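Report on the structure given below.
Lettering of chains follows the sequences in order, A, B, ..., and the numbering in each one begins at 1. The shown structure was predicted, so the numbers you read here are calculated from the model rather than taken from an experiment.
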There are 2 protein chains.
Amino acid sequence: MRQDTRLSRLLHVLLHMAQTDAPMTSQQIAVMLGSNAVVVRRIMAGLRDGGYVEAERGHGGGWRIIRRTDEITVLDVYRSLGSPDLFAFGFSNPKPPCLVEQSVNATIEDTIQTATTSILGQFGALRLSQIEAEVRDRMPPLG
Amino acid sequence: MRQDTRLSRLLHVLLHMAQTDAPMTSQQIAVMLGSNAVVVRRIMAGLRDGGYVEAERGHGGGWRIIRRTDEITVLDVYRSLGSPDLFAFGFSNPKPPCLVEQSVNATIEDTIQTATTSILGQFGALRLSQIEAEVRDRMPPLG
DNA sequence: GGGTCGTGTAACTTTACCTATTACATGACC
DNA sequence: GGTCATGTAATAGGTAAAGTTACACGACCC
């Protein structure tokens, strides 16, 4: 199954936007992501509606981050995407008449529930500023 | 993203097979799952190769479970499917030159790693017999 | 041994969803 | 007014599971 890469793309974009004051155009971002300007605008729409970024049109326009990186968590970004499915597996029939299938569903559901709590908990605890700090760790020393 | 329902289907089938001595044909199973006999044979192939079920051809043939339900874990069934991806999200470029993207990937990877451990741990601890017990809990009392 | 029933598999189609592309309207600046 | 940029609809592409068709192989029954 093809994976949804929007979350990691958005994080990538936001961190770059945080590094500069100048607005970035969708086209610039698209090149950075190896993607397409329209795709970029599409996935940025949620962040704009969530109040994390701003878009200006015309000459000198583009996208700008309008919150500090310690005010945005990975969970915020995930929610801006509309909280897409986290898991690649699930069950076909949500309300089966068969008791056996009900139990199987309950079992899978329980696992998914536990893992969801774990993942969203991690996302919620992770601020963009922490990823920024990790970037600095990866930077080779200057001079 | 469409979800992979093979795991829950296999569990469902195995538990029904454990309830009877007579072999079940792919067609019977397909009706049970609201699916197709060829699809059933396809997803059962891994269980057969893993030594959990046996298939006999011809008159009176079909699928039979050849292990006790307390000898099979959900993890075994999952592995029989070839350990498919658990998560619907991921990153596009596994080895990006960009330091920022590297950090984002590491962050996502860390979350996925933690959640994978949690999920596979739960799968490994869950025997089919435990799901059977849950089915009994759901049964209305007799008489 | 021919007929029927069942698995085993290959090949193709369908389905669903993210991704990519095209096209065009709208707004902002020079 | 022209150009640059976002906003969005409409359409095509890519991928993987699910569904379908077709047929070979093997086992049982008469």
Proximal nucleotide (of D:dG2, D:dT6, D:dC28) relative to the B:His59 side chain: D:dC28
Shared hydrophobic cluster, B:Ile119 / A:Val104 (ILVMFWY, side-chain heavy atoms < 4.5 Å): yes
5'-most by nearest nucleotide on DNA chain D - B:Asn36 or B:Pro84: B:Pro84
No-H, no-angle donor-acceptor pair, A:Arg42 side chain to D:dT8 base, under 3.5 Å: no
Closest contact, heavy atoms only, A:Ala125 versus A:Gln130: O-OE1, 3.0 Å
Sugar-phosphate only, base, or nothing, as touched by A:Gly60 at under 4.0 Å among non-hydrogen atoms: nothing
Atom-pair distance (CZ on B:Arg41; C1' on D:dT20), nearest Å: 12 Å
DNA chain D-proximal residues of residues 23-33 of chain A, any heavy atom under 4.0 Å: A:Met24, A:Thr25, A:Ser26
Listed nucleotide nearest any side-chain atom of B:Asp4, set C:dT7, D:dA17, D:dA22: D:dA17
A:Arg48, nearest nucleotide to its side chain (from D:dA17, C:dT9, D:dT8): D:dT8
Working for side-chain hydrogen bond (donor to acceptor under 3.5 Å, both in side chains), residues B:Trp63 and B:Thr25: CA-CA 6 Å; B:Trp63 298 90; B:Thr25 69; over 6 Å; no
Polar pair under 3.5 Å, donor/acceptor by atom type, side chain B:Arg57, base D:dC25: yes
